[in-house]
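Working notes for the structure below.
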Amino acid sequence: MFYGTDLTSRLMLGTAQYPSPAVLAEAIAASGTQVITVSLRREGPGGAGFRDLVAASGCRVLPNTAGCHSVSEAVTTARMAREVFATDWIKLEVIGHADTLQPDPFATVEAARILCDEGFEVFPYTTDDLIVGEKLIEAGCRVLMPWGAPIGSGQGLSDVGALRRMRAHFDGVPLVIDAGLGAPSEAARAMELGFDAVLLNTAVARAGDPVAMARAFGQAVAAGRAAHGAGLMEPRDMAAPSTPVFGLAVL
């Protein structure tokens, strides 16, 4: 549940870089997602047609502040997005490093505080740093979106230990793995760790067959969540026979 909204799909899908609007529409449908992210700053010409496509998808829109590098940019973009898409949801990105696209933790917390005070329901893109997460919660965020790896890198979950600690520390807070996933298996792994959802874009949009890849990610997220709910076995240092020896004949 995110800000009081129940969703049946735990996959959130970005809408950039697809080869055509038709492929994007098919990929959204194939993925089973109920939430799609849209960047107002990068929408470009033909915005009305794109918004029609978004509306026809039936998905909840999560506008984002992609491309923003300062508090003022992010806050202004969020305000514009609320007007355009008629939603208080906003994915907050304030980029601090041009190469890694790592979020600026200080600017992100400051922007989050302003937006939360204005009634926005903020989904902040952050790292796996526990202190930054605490500050974002204090600012009013009720969801955290730690990166798996740098945006568009396809590196997967680059620090599983840190993500485990984050999941344990923020028990009860919805956590969404955002950015860096390159394969469906990595999305399944995130769900097995107990995360509430994943958000991705490039791995689907740039695939040889985006529609088939979107479907694969949807299935992987569902499988990973089911595995987490079923209870994964703990790794062992030693082998353990799967066939019991009790009751076998002694030869």
Side-chain angles (χ1 to χ4, degrees), residues 2-3 12 14 16 35 37-42 62-85 87-153 155-181 190 193 195-202:
F2 302 103
Y3 291 104
M12 300 180 178
V35 176
T37 62
V38 176
S39 171
L40 185 65
R41 288 171 60 89
R42 293 176 174 167
L62 176 59
N64 69 46
T65 63
C68 293
H69 293 263
S70 69
V71 173
S72 60
E73 277 187 299
V75 170
T76 299
T77 301
R79 291 168 177 163
M80 293 172 62
R82 178 156 63 180
E83 293 296 321
V84 171
F85 295 105
T87 179
D88 290 329
W89 279 21
I90 191 73
K91 179 191 169 190
L92 176 61
E93 293 183 27
V94 188
I95 300 303
H97 193 278
D99 293 330
T100 65
L101 301 182
Q102 178 174 327
D104 179 333
F106 308 102
T108 300
V109 171
E110 183 179 349
R113 183 172 292 109
I114 293 169
L115 294 174
C116 288
D117 286 346
E118 293 185 6
F120 282 89
E121 296 177 326
V122 179
F123 293 69
Y125 167 59
T126 183
T127 63
D128 49 31
D129 187 283
L130 300 182
I131 305 304
V132 176
E134 289 281 8
K135 296 297 183 183
L136 288 167
I137 296 296
E138 291 173 9
C141 298
R142 290 161 53 193
V143 177
L144 297 175
M145 303 184 78
W147 65 354
I151 294 173
S153 68
Q155 295 176 13
L157 306 179
S158 58
D159 193 339
V160 172
L163 292 174
R164 284 185 186 275
R165 288 189 292 274
M166 193 171 199
R167 178 67 282 178
H169 185 75
F170 292 104
D171 185 34
V173 176
L175 299 182
V176 181
I177 293 293
D178 177 17
L181 299 182
L193 291 172
F195 284 81
D196 297 278
V198 300
L199 192 159
L200 54 100
N201 188 157
T202 307

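Since this is a predicted model, take the numbers as computed values, not measurements. Nothing fancy with the numbering, it's 1 onward along the sequence.
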Side-chain contact test, heavy atoms from C-beta onward, threshold under 4.5 Å: evaluate it for [X] versus [Y] and give yes or no.
X    : Y    : answer
T126 : P105 : no
F195 : L163 : yes
P174 : V143 : yes
I114 : R79  : yes
L101 : W147 : no
I90  : P63  : yes
T65  : E73  : no

Hey, does the side chain of N201 reach the backbone of A16 with a donor-acceptor pair shorter than 3.5 angstrom? yes
Measure from the side-chain N and O atoms of Y125 to the backbone N and O of K91, and report whether any donor-acceptor pair falls under 3.5 Å. no
Any Lys/Arg nitrogen of D196 or R167 sitting under 4.0 Å from an Asp/Glu carboxylate oxygen of the other? yes
Supply the atom-to-atom distance E138 CD to R113 CZ, rounded to the nearest 0.5 angstrom. 8.0 Å
Using 0.5 Å steps for rounding, measure from the NE2 atom of H97 to the CG atom of D104. 11.5 Å
For a side-chain contact (heavy atoms from CB on, under 4.5 Å) check, start with the C-alpha distance between L130 and F170, then their side-chain angles and the critical distance, and finish with the verdict. CA-CA 9 Å; L130 300 182; F170 292 104; 4.0 Å; yes
Would you say that more than 12 heavy atoms from the other residues, nucleotides or ligands in this model lie under 6.0 Å from the CZ of F106, or not? no
Criterion side-chain contact (heavy atoms from CB on, under 4.5 Å) on H169 and L175, from CA distance to verdict: CA-CA 11 Å; H169 185 75; L175 299 182; over 6 Å; no
Using the rule given for side-chain contact (heavy atoms from CB on, under 4.5 Å), can you reason through E121 versus F2, listing the C-alpha separation, both sets of side-chain angles and the distance that settles it, and then say yes or no? CA-CA 9 Å; E121 296 177 326; F2 302 103; over 6 Å; no
Is there a side-chain contact (heavy atoms from CB on, under 4.5 Å) between L157 and L181? Walk through the geometry before answering. CA-CA 7 Å; L157 306 179; L181 299 182; 3.7 Å; yes
